[in-house]
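To keep things clear, I will list the structure first and then write my remarks on it.
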Amino acid sequence: MRQLPPQSNPTFGFSDSPFGECCLAFSNDGICALTFPESREGAFIDLEHRFPETDFKRDDKRVTRIIRQIFEGGKIPELNPIGTEFQQSIWRALQQIPKGKTTTYAQIAEAIGRPKAVRAVGTAIGANPIAYLIPCHRVTKSDGGIGGFRWGLECKKKILDWEKK
DNA sequence: ATAAAGGCCACCC
DNA sequence: GGGTGGCCTTTAT
């Protein structure tokens, strides 16, 4: 996993996915964003806000190709999620959860050696920039509830169901 | 610097 | 089921 601002060949675009339309952004250093936004407008604002220095070129064709690789071919491109040390450690932990399994926010806190930081873990998971590939959807509440999802609970449920089979 | 807001949890009622 | 206090990081004043 890298940690570089997306400066070389920054590209973004939209494509259909099994879970609705998604927005993908990447550079030569890997994927820096994958979201399931409500609107294209909102998704772009979000990008601009997170990378004010970067001028992304739009290329839906390329995006569609990559999205296919991800959801149909199962091929995982290089990731470049940008965040604080704390966030990185959590996003790393998320990638250890096998497909079809789930954990709880508390267990993630335990896994990174900060058992008391449960709440902060929730916030950090909510800040996950690369949906699906960093499987934040596989984390649920300790009391059996499903927990939150930045792009809508319906979406989280859909992904979980889809992964179960 | 400080405050306010979180995808939580355990404990109470 | 619901409410409360504690815990910890991030972001916005």
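Quick note on labels: first sequence line is chain A, next is B, and so on, each numbered from 1.
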Problem set entry | Nearest-0.5 Å distance, CG of residue Asp59(A) to CZ of residue Arg65(A) | 7.5 Å

Exercise. Do the non-hydrogen side-chain atoms of Leu34(A) and Phe26(A) ever get within less than 4.5 Å of each other?
Worked result: no

For this session: Give the ring-plane orientation class for Tyr132(A) versus Phe71(A), where under 30° counts as parallel, over 60° as perpendicular and anything between as tilted.
Result: tilted

Problem set entry | Pairwise side-chain contact, Phe51(A) with Ser27(A), heavy-atom cut-off 4.5 Å (strictly under) | no

Exercise. Are Glu78(A) and Asp29(A) side-chain neighbours, meaning at least one heavy-atom pair lies under 4.5 Å?
Worked result: no

For this session: Indicate the atoms forming the closest heavy-atom contact of Pro37(A) with Cys22(A), along with that distance.
Result: CD-CA, 4.2 Å

Seminar exercise, completed: When rounded to whole Å, the CD1 to P distance for the pair Ile159(A) and dG7(B) reads 17 Å

Problem set entry | Proximity to DNA chain C (any heavy atom under 4.0 Å), residues of residues 109-116 of chain A only | Arg114(A), Lys116(A)

For this session: Could you tell me if the ring centre of Phe44(A) sits under 6.0 Å from that of Phe56(A)?
Result: no

For this session: Using a 4.0 Å cut-off on protein heavy atoms (strictly under), produce a 5'-to-3' string for nucleotides 8-13 of chain B with B for base contact, S for backbone-only sugar-phosphate contact, and - for none.
Result: BS----

Exercise. Rounded to whole angstrom units, what separation is found between the CZ atom of Phe86(A) and the P atom of dG6(B)?
Worked result: 17 Å

Problem set entry | Along DNA chain C, first and last positions that approach a heavy atom of chain A under 4.0 Å | dG6(C) to dT10(C)

Exercise. Out of curiosity, Thr35(A) OG1 to Ile130(A) CD1, how far, rounded to the nearest 0.5 Å?
Worked result: 11.0 Å

For this session: Of all the heavy-atom pairs spanning Pro135(A) and Leu94(A), show the shortest one and how long it is.
Result: CG-O, 3.3 Å

Exercise. Just the dot-bracket of DNA chain B, please: which string comes out with Watson-Crick or G-U pairs under 3.5 Å, [ ] for crossing, | for another strand?
Worked result: ||||||.||||||

Exercise. Is a side-chain N or O of Gln88(A) found less than 3.5 angstrom from the main chain of Pro81(A), in a donor-acceptor match?
Worked result: yes

Problem set entry | Minimum side-chain heavy-atom gap Val139(A)-Ile97(A) below 4.5 Å | yes

Exercise. Any side-chain heavy-atom pair from Glu53(A) and Gln7(A) closer than 4.5 angstrom?
Worked result: no

Sequence neighbours excluded and cut-off under 3.5 Å, please list the side-chain donor-acceptor pairs for residues 145-153 of chain A, or say none.
from      : atom 1 : to       : atom 2 : distance (Å)
Arg150(A) : NH2    : Asp46(A) : OD2    : 3.3

For this session: Check each of Lys158(A), Lys157(A), Lys156(A) against Glu154(A) using the salt bridge (charged side-chain N to carboxylate O under 4.0 Å, His left out) test, and report the only one that passes.
Result: Lys157(A)

For this session: Could you tell me whether Ala120(A) contacts a base, only the sugar-phosphate backbone, or nothing, with contacts defined as non-hydrogen atoms closer than 4.0 Å?
Result: base

Problem set entry | Nucleotide dG6(B), atom C1' - distance to CD1 of Ile90(A) in whole Å | 13 Å

Exercise. Counting only heavy atoms not in Arg68(A), do more than 12 sit closer than 6.0 Å to its CZ atom?
Worked result: no

For this session: Return the residues of residues 34-47 of chain A meeting this criterion: a heavy atom under 4.0 Å from some atom of DNA chain B. Order them by number, or give none.
Result: none

